[in-house]
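What follows is a single structure, written as structure tokens, with notes after it.
Below, chain A is the first sequence line, B the second, and so on; all start at residue 1. The figures here come from the full heavy-atom set of this structure, side chains too, leaving out hydrogens, waters and symmetry mates.
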Amino acid sequence: MINSIRGFNDILPPETYIWQHIEKEAREIFETYGFSEIRVPLVERTGLFSRSIGETTDIVEKEMYTFLDKGGESITLRPEGTAPVVRAYIEHKLYASDPVAKLYYLGPMFRYERPQKGRFRQFYQIGAEAFGIDDPMIDAETLEMLVSLFQRLKLEGVTLNINSLGCKECRPLYKEKLINFLKDKKPSLCQDCQRRFEINPLRALDCKSKTCIELTSLAPSLLDSICEGCKTHFEKVKEHLSLYKIDFHLNPRMVRGLDYYVRTTFEITAEGLGSQNAVAAGGRYDGLVKDIGGPDVPGFGFAIGMERLVMLVKGQRQEAEGMGQGLVFMAMLGEKAEKAAIPLMKTLRSNGIRLERDYGSKSIRSQMRRADKLGAKIVLILGDDELASHSITVKDMESGEQEKVPFEKVEEKIRALLTERQKVMSKQ
RNA sequence: GUGGGCGUAGCUCAGCGGUUAGAGCAUCGGACUGUGGCUCCGAGGGUCGGGGGUUCAAAUCCCCUCGUCCACCCCA
């Protein structure tokens, strides 16, 4: 048997209905905040990612699906969405026609990692990027958009963590301070932090090891060390979050792994996700557009981990009723009925009614069972009696009531029953 | 890349040296010949992950291997 590749998963019904539900809500909300969809390729030149994400990050060093195409060029399956969107933004000179561009995307990303709970080699993200706005109001407003999506999806137990990483000016100064502080403690740090000390000392701040937490407890604070400009920016972000009535947790030790983040960064964590508990994260990336060869345009964006979000939505038991939603089942008895039903089925379907049937001339009993299993709301029964009176029996599966309806009134009857049901559902 | 758990029917699992490998759920059919859910009856479905070894005898013990899950690293 040929099976799928490790970390590359199939998403089957009915779970696909949850995906569709989330995607629909995300699109609707993002559009109301002025974002438009952009679609970018899954594959880019390798250099785009190494330059933007950072040469020494884990993503670039060991997690990219990189290979040579037939022309000998090194190409890479996108490990994240921001870099390709920035590339497209620059390539099509979107800044030329409008100083502001607000874009969202959704689709698969690829990272060569060991799969675990909430982590896969092909995984899906929904992301949004706002270009051209320095003002911290966009940081707060974009966060509010994300939070309202999660509210619409009825998520519980989620926490918004925010921090400021400073900018290209003040962060290096803090890094020096931290290195000086940690220098003599290095031998006592855990193995990982000793390695971090060399690559990215800030990471030692959010180490999980007890001894490291103790050792770094007196470390100079990042938030106290950032420059005035960064401080003012961050204060305004917090102020506006409060104006939006958004609860947040200030986490001065939260460090993001991608090199391009500056100033505001955040992470939304959730209970029940396992060890990989961030369902969305992002931040400001002023300077990235310039680094990739565009003008010096600021940016703010985030990405949602789709599989993780699906886990949460499932956990809240809001399985979108997809499969049986508005479903009508056609039960036919005998060859004559099977033929006579064809024009009706064709009409109903072309008018947008979901209609399923059975094949192979099964017994009425068997057909009813199948209708029930599929969650059909209505069953249409066509047999000799109905044929004789040019009518159809319409049965409401919920109440069990049924009545004979003339052929030309069938659709009207179905619609009446379906809308009646929807009213009942929306009242709940 | 590192560490640990688990691989037996479609799914969840029992069996842990001894007839022909089981259960529940699911599937299909019947009881009910034109009416679903409940109940009862029956049927189909297995290279016991793969390979090698020990043994009169292996799903069961040993070795190797593959897969999967969880965790570390890192990240959404």
Handout entry: A/Asp358 CG - B/rU35 P separation (whole Å)
Key = 16 Å
Handout entry: d(NZ, A/Lys373; C1', B/rG29) in whole Å
Key = 14 Å
Handout entry: Identified pairing partner of B/rG3, criterion: Watson-Crick or G-U wobble below 3.5 Å
Key = B/rC70
Practice task
Identify whether any heavy atom of A/Gln191 sits under 4.0 Å from a base atom; if not, whether one sits that close to sugar-phosphate; answer base, sugar-phosphate or nothing.
Solution key: nothing
Problem - d(CG, A/Leu202; P, B/rC74) in whole Å - result: 13 Å
Handout entry: Rounded C1' spacing from B/rU60 to B/rU8 in Å
Key = 11 Å
Handout entry: Any donor-acceptor N/O pair under 3.5 Å between B/rU35 base and A/Gln367 side chain
Key = no
Problem - Complementary nucleotide of B/rU33, counting Watson-Crick and G-U pairs under 3.5 Å - result: none
Practice task
May I ask you to test the A/Ile304-A/Leu149 pair for a side-chain heavy-atom distance under 4.5 Å?
Solution key: yes
Handout entry: Of the listed nucleotides B/rG3, B/rA76, B/rU35, the one nearest the side chain of A/Ala278
Key = B/rA76
Exercise for the section: Just compare B/rA71, B/rG34, B/rG29 and give me whichever is closest to any side-chain atom of A/Lys362. Expected result: B/rG29
Exercise for the section: For nucleotides B/rG49 and B/rA31, find the distance between their P atoms and express it as a whole number of Å. Expected result: 40 Å
Completion exercise
Picking from B/rC28, B/rC70, B/rA76, the nucleotide nearest the side-chain atoms of A/Gln125 would be B/rA76
Exercise for the section: Determine the Euclidean distance between corresponding P atoms of B/rA9 and B/rA21; express it in Å to zero decimal places. Expected result: 14 Å
Fill in the blank from the handout: In A/Val262, A/Leu165, A/Thr265, the residue satisfying side chain to side chain contact (heavy atoms under 4.5 Å, CB included) with A/Arg284 is A/Val262
Problem - Closest nucleotide among B/rG34, B/rG30, B/rC70 to the A/Ser363 side chain - result: B/rG30
Exercise for the section: Could you tell me whether A/Gly127 contacts a base, only the sugar-phosphate backbone, or nothing, with contacts defined as non-hydrogen atoms closer than 4.0 Å? Expected result: nothing
Exercise for the section: Report which part of the nucleic acid A/Asp384 touches: base, sugar-phosphate, or nothing (heavy-atom distance under 4.0 Å, all strands). Expected result: base
Practice task
Provide the distance between the two P atoms, one in B/rG5 and one in B/rA57, to the nearest whole Å.
Solution key: 31 Å
Practice task
Have a look at A/Lys395 and say if it touches a base, only the backbone sugar-phosphate, or nothing, with a 4.0 Å heavy-atom cut-off.
Solution key: base
Problem - A/Arg369 (side chain) and B/rU35 (base): donor-acceptor pair under 3.5 Å - result: no
Completion exercise
Closest of B/rG34, B/rC73, B/rG67 to the A/Asp58 side chain is B/rC73
Handout entry: Base of B/rC73 paired with side chain of A/Glu113 (donor-acceptor, under 3.5 Å)
Key = no
Practice task
Tell me whether the centres of the aromatic rings in A/Tyr112 and A/Tyr65 are closer together than 6.0 Å.
Solution key: yes
Completion exercise
Of A/Thr216, A/Asn161, A/Asp206, the one forming a side chain to side chain donor-acceptor pair (under 3.5 Å) with A/Arg253 is A/Thr216
Practice task
Could you check whether the rings of A/Phe35 and A/Phe30 sit parallel, tilted or perpendicular, using 30° and 60° as the cut-offs?
Solution key: tilted
Exercise for the section: Would you mind classifying the nucleic acid contact of A/Phe329 as base, sugar-phosphate or nothing, using non-hydrogen atoms under 4.0 angstrom? Expected result: nothing
Handout entry: Sugar-phosphate, base or nothing in reach of A/Thr57, heavy atoms under 4.0 Å
Key = nothing
Problem - A/Gln116 vs B/rC69: side-chain N/O to OP1/OP2 distance below 4.0 Å - result: no
Exercise for the section: May I ask you to say what A/Leu309 touches in the nucleic acid, namely base, sugar-phosphate or nothing, with a heavy-atom cut-off under 4.0 Å? Expected result: nothing
Handout entry: Interatomic distance at C1', B/rA14 relative to B/rG22, whole Å
Key = 7 Å
Exercise for the section: Go through the steps for A/Gln122 and A/Met109 under the test side chain to side chain contact (heavy atoms under 4.5 Å, CB included), then give the verdict. Expected result: CA-CA 6 Å; A/Gln122 174 173 333; A/Met109 309 293 163; over 6 Å; no
Handout entry: Parallel, tilted or perpendicular: ring planes of A/His390 versus A/Phe407, cut at 30 and 60 degrees
Key = parallel
Problem - B/rU20 to B/rG10 separation - P atoms, rounded to the nearest Å - result: 23 Å
Problem - A/Pro115, nearest nucleotide to its side chain (from B/rC69, B/rU35, B/rU68) - result: B/rC69
Problem - Euclidean distance, atom CG of residue A/Leu327 to atom P of B/rG36 [Å, nearest integer] - result: 18 Å
Problem - Rounded C1' spacing from B/rC70 to B/rG46 in Å - result: 28 Å
Fill in the blank from the handout: Under a 3.5 Å limit on both distances, the Watson-Crick or wobble mate of B/rC48 is none
Exercise for the section: By nearest nucleotide on RNA chain B, pick out whichever of A/Phe120 and A/Asn9 is the more 5' one. Expected result: A/Asn9
Completion exercise
Re B/rG24: Watson-Crick or G-U wobble partner, both distances kept under 3.5 Å, found to be B/rC11
Fill in the blank from the handout: Heavy-atom nearest nucleotide on RNA chain B taken for A/Glu307 and for A/Gly7; more 5' hit belongs to A/Gly7
Handout entry: Minimum-distance nucleotide to A/Glu63 side chain [options: B/rC74, B/rA71, B/rC32]
Key = B/rC74
Problem - Given B/rA31, B/rA71, B/rC73, the nucleotide with the shortest approach to the side chain of A/Asp192 - result: B/rC73
Practice task
Determine whether any donor atom in the side chain of A/Arg114 lies under 3.5 Å from an acceptor atom in the base of B/rG3, or the reverse, and answer yes or no.
Solution key: yes
Completion exercise
Closest to the side chain of A/Arg111, out of B/rA76, B/rG34, B/rA71, is B/rA76
Practice task
Give one of base, sugar-phosphate or nothing for A/Gly400, where a contact means two heavy atoms less than 4.0 Å apart.
Solution key: base
Practice task
Applying salt bridge (Lys or Arg N to Asp or Glu O under 4.0 Å), name anything that partners A/Glu44, two or more places apart in sequence or on another chain.
Solution key: A/Arg87
Exercise for the section: Would you classify A/Ala371 as touching base, sugar-phosphate or nothing, given that sugar-phosphate means primed atoms plus P, OP1 and OP2, and contacts are heavy atoms under 4.0 Å? Expected result: nothing
Show which side-chain atoms of residues 170-180 of chain A pair as donor or acceptor with protein atoms under 3.5 Å away, not counting sequence neighbours.
| residue | atom | partner | partner atom | Å |
| --- | --- | --- | --- | --- |
| A/Arg171 | NH1 | A/Tyr261 | O | 3.2 |
| A/Arg171 | NH2 | A/Tyr261 | O | 3.1 |
| A/Tyr174 | OH | A/Pro220 | O | 2.8 |
| A/Lys177 | NZ | A/Ser225 | OG | 3.0 |
| A/Asn180 | OD1 | A/Lys183 | NZ | 3.2 |
| A/Asn180 | ND2 | A/Glu176 | O | 3.4 |

Practice task
Would you classify A/Leu333 as touching base, sugar-phosphate or nothing, given that sugar-phosphate means primed atoms plus P, OP1 and OP2, and contacts are heavy atoms under 4.0 Å?
Solution key: base
Handout entry: For atom NZ of A/Lys62 and atom P of B/rC74, their distance in whole Å
Key = 8 Å
Handout entry: Inter-nucleotide P distance (B/rC72, B/rU65), Å rounded
Key = 26 Å
Completion exercise
pair_partner(B/rA76), Watson-Crick or wobble, both distances < 3.5 Å, evaluates to none
Problem - Over 12 non-hydrogen atoms of neighbours within 6.0 angstrom of CD in A/Glu61 - result: yes
Completion exercise
Ranking B/rG36, B/rC74, B/rG34 by distance to the side chain of A/Arg196, first place goes to B/rC74
Exercise for the section: Scan every strand shown for a Watson-Crick or G-U wobble partner of B/rA58, both distances under 3.5 Å, and answer none if you come up empty. Expected result: none
Practice task
Check every strand shown and say whether A/Glu80 touches a base, only sugar-phosphate, or nothing at a heavy-atom separation below 4.0 Å.
Solution key: nothing
